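Predicted model only: the values in this text are computed from it and were never measured.
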Amino acid sequence: MILSDKRILEELENGNIVIEPYDRKCLGTNSYDVHLGKYLATYKSRVLDAKLHNEIDHFEIPEEGFVLEPNTLYLGVTLEYTETHKHVPFLEGKSSTGRLGIDIHATAGKGDVGFCNTWTLEISCAQPVRIYAGMPIGQLIYFVVEGDVEILYNTKGNAKYNTKTIKPVESMMWKNSF
């Protein structure tokens, strides 16, 4: 079950969902619009290795925007910091973003109950497109969880993305054993 606008408002009031900054105008019928933060990152190496720590270079999106190029993975970040204590958040691209040929995540659209952070975006594009800090980039949808959660994400000792940040975070796949 997806939370409606009224239910999202109730959960915000109860502290089960936190969105900072929050703007009532961004609340849709059953989602909340999030915006692109001012930082992007690209990997230093063109060839990535899942067993290695692939480092990234951060940069700020200039006021005149930044042109994304095809065949490059950009890591972006949401302007909004979110906390979700009782629901499963999903981040999806807005249709207006998709119609510009921009994908905002490759596979990581689902958050965990207890996720407390900004969202790192895995941005790619079909053709060159200029983007801007603060532009609407996606929407959060909240799903009801059936049953009790044993360990919230923000209390897991092995959670790889718990450090609060305003910048995109690179893959931590290298921390897994395989």
Practice problem: Indicate if V169 and I137 have the same hydrophobic cluster label, given that clusters are the connected sets of ILVMFWY residues with side-chain heavy-atom separations under 4.5 angstrom. | Solution: yes
Quiz item: Which heavy-atom pair separates T72 from R46 by the least distance, and what is that distance?
Solution: OG1-NH1, 3.5 Å
Exercise. Could you please spell out the steps behind the side-chain contact (heavy atoms from CB on, under 4.5 Å) verdict for C26 and H35?
Key: CA-CA 10 Å; C26 296; H35 302 80; 3.4 Å; yes
Quiz item: Sub-3.5 Å donor-acceptor pair from the side chain of T97 to the main-chain atoms of I102, do we have one?
Solution: no
Quiz item: With distance as the sole test, does T155 use its side chain to make a donor-acceptor pair with the main-chain N or O of L152 at under 3.5 Å?
Solution: yes
Exercise. Please confirm whether the backbone N or O of K167 pairs with a side-chain atom of H58, one donor and one acceptor, at under 3.5 Å?
Key: no
Exercise. Just do the side-chain contact (heavy atoms from CB on, under 4.5 Å) check on V149 and K86 with the steps written out, would you?
Key: CA-CA 8 Å; V149 175; K86 290 192 173 184; over 6 Å; no
Exercise. Find out if a path of hydrophobic residues (ILVMFWY) with successive side-chain heavy-atom gaps under 4.5 Å connects I19 to V77.
Key: no
Quiz item: Is it the case that one hydrophobic cluster holds both L12 and V144, taking links as side-chain heavy atoms less than 4.5 Å apart, direct or via other members?
Solution: yes
Exercise. Please tell me if the side chains of P128 and P70 come closer than 4.5 Å, counting only heavy atoms from C-beta onward.
Key: yes
Exercise. Determine whether Y81 and L36 fall in the same hydrophobic cluster, where Ile, Leu, Val, Met, Phe, Trp and Tyr are linked whenever their side-chain heavy atoms lie under 4.5 Å apart.
Key: no
Quiz prompt | Any donor-acceptor pair under 3.5 Å from E170 side chain to I56 backbone | solution = no
Practice problem: Say whether, by atom type as modelled, one donor and one acceptor occur between the side chain of R7 and the main chain of N30 under 3.5 angstrom. | Solution: no
Quiz item: What's the shortest heavy-atom distance between N117 and K164, and which atoms?
Solution: OD1-CA, 3.6 Å
Exercise. Find the distance between CD (E60) and NZ (K38) and round it off to the nearest 0.5 Å.
Key: 4.5 Å
Exercise. Verify side-chain contact (heavy atoms from CB on, under 4.5 Å) between W174 and L52, making sure each step is shown before the conclusion.
Key: CA-CA 5 Å; W174 60 275; L52 298 178; 5.5 Å; no
Practice problem: Might you point out which heavy atoms bring Q139 and V34 nearest each other, and give the distance in Å? | Solution: N-CG2, 4.2 Å
Quiz item: Is the count of non-hydrogen atoms from other residues, nucleotides or ligands lying under 6.0 Å from N158 atom CG greater than 12?
Solution: yes
Quiz item: Does M172 offer a backbone N or O that forms a donor-acceptor pair with the side chain of Y161 under 3.5 Å?
Solution: yes
Practice problem: Take N162 and K156 through the test side chain to side chain donor-acceptor pair (under 3.5 Å) and record every step on the way to the result. | Solution: CA-CA 9 Å; N162 261 342; K156 279 184 165 184; over 6 Å; no
Exercise. Nearest 0.5 Å please: distance from the CD1 atom of I123 over to the CG atom of D103.
Key: 10.0 Å
Quiz item: Would H105 and E92 satisfy side-chain contact (heavy atoms from CB on, under 4.5 Å), going step by step from the backbone distance to the final call?
Solution: CA-CA 8 Å; H105 67 76; E92 292 295 334; 3.7 Å; yes
Quiz item: Under the 3.5 angstrom rule, does the side chain of Y74 hit a backbone N or O of E69 as a donor-acceptor pair?
Solution: yes
Self-check item: Heavy-atom pair with the smallest gap, counting every atom of G76 and L40
Solution: CA-CD2, 3.7 Å
Exercise. Determine whether more than 12 heavy atoms belonging to other residues, nucleotides or ligands lie under 6.0 Å from atom CD of E63.
Key: no
Quiz item: Less than 6.0 Å separating the ring centroids of Y32 and Y142?
Solution: no
Quiz item: CE of M135: more than 12 outside heavy atoms within 6.0 angstrom?
Solution: yes
Quiz item: Hey, does the side chain of D23 reach the backbone of K25 with a donor-acceptor pair shorter than 3.5 angstrom?
Solution: yes
Quiz item: If you measure from CG on D112 to CG on N154, what distance do you get to the nearest 0.5 Å?
Solution: 10.0 Å
Quiz item: Does D33 use its side chain to pair, donor to acceptor, with the backbone of G28 at less than 3.5 Å?
Solution: no
Quiz prompt | More than 12 heavy atoms from other groups under 6.0 Å of NZ on K6 | solution = no
Self-check item: Atom pair SG (C125) and CD1 (I104), whose distance is rounded to the nearest 0.5 Å
Solution: 14.0 Å
Quiz prompt | Flag side-chain contact, heavy atom, 4.5 Å: F143 against K110 | solution = no
Self-check item: Separation of K94 NZ from R99 CZ (nearest 0.5 Å)
Solution: 10.5 Å
Quiz item: OG1/T82 to CG/L140 distance, rounded to the nearest 0.5 angstrom?
Solution: 6.0 Å
Quiz item: Do you know which two heavy atoms are closest between E122 and T107, and how far apart they sit?
Solution: OE1-N, 3.6 Å
Quiz item: Does the D49 side chain pair with the main chain of N54, one donor and one acceptor, at a distance under 3.5 Å?
Solution: no
Quiz item: Does W119 share a hydrophobic cluster with L73, counting links as ILVMFWY side-chain heavy atoms below 4.5 Å and allowing steps through other members?
Solution: no
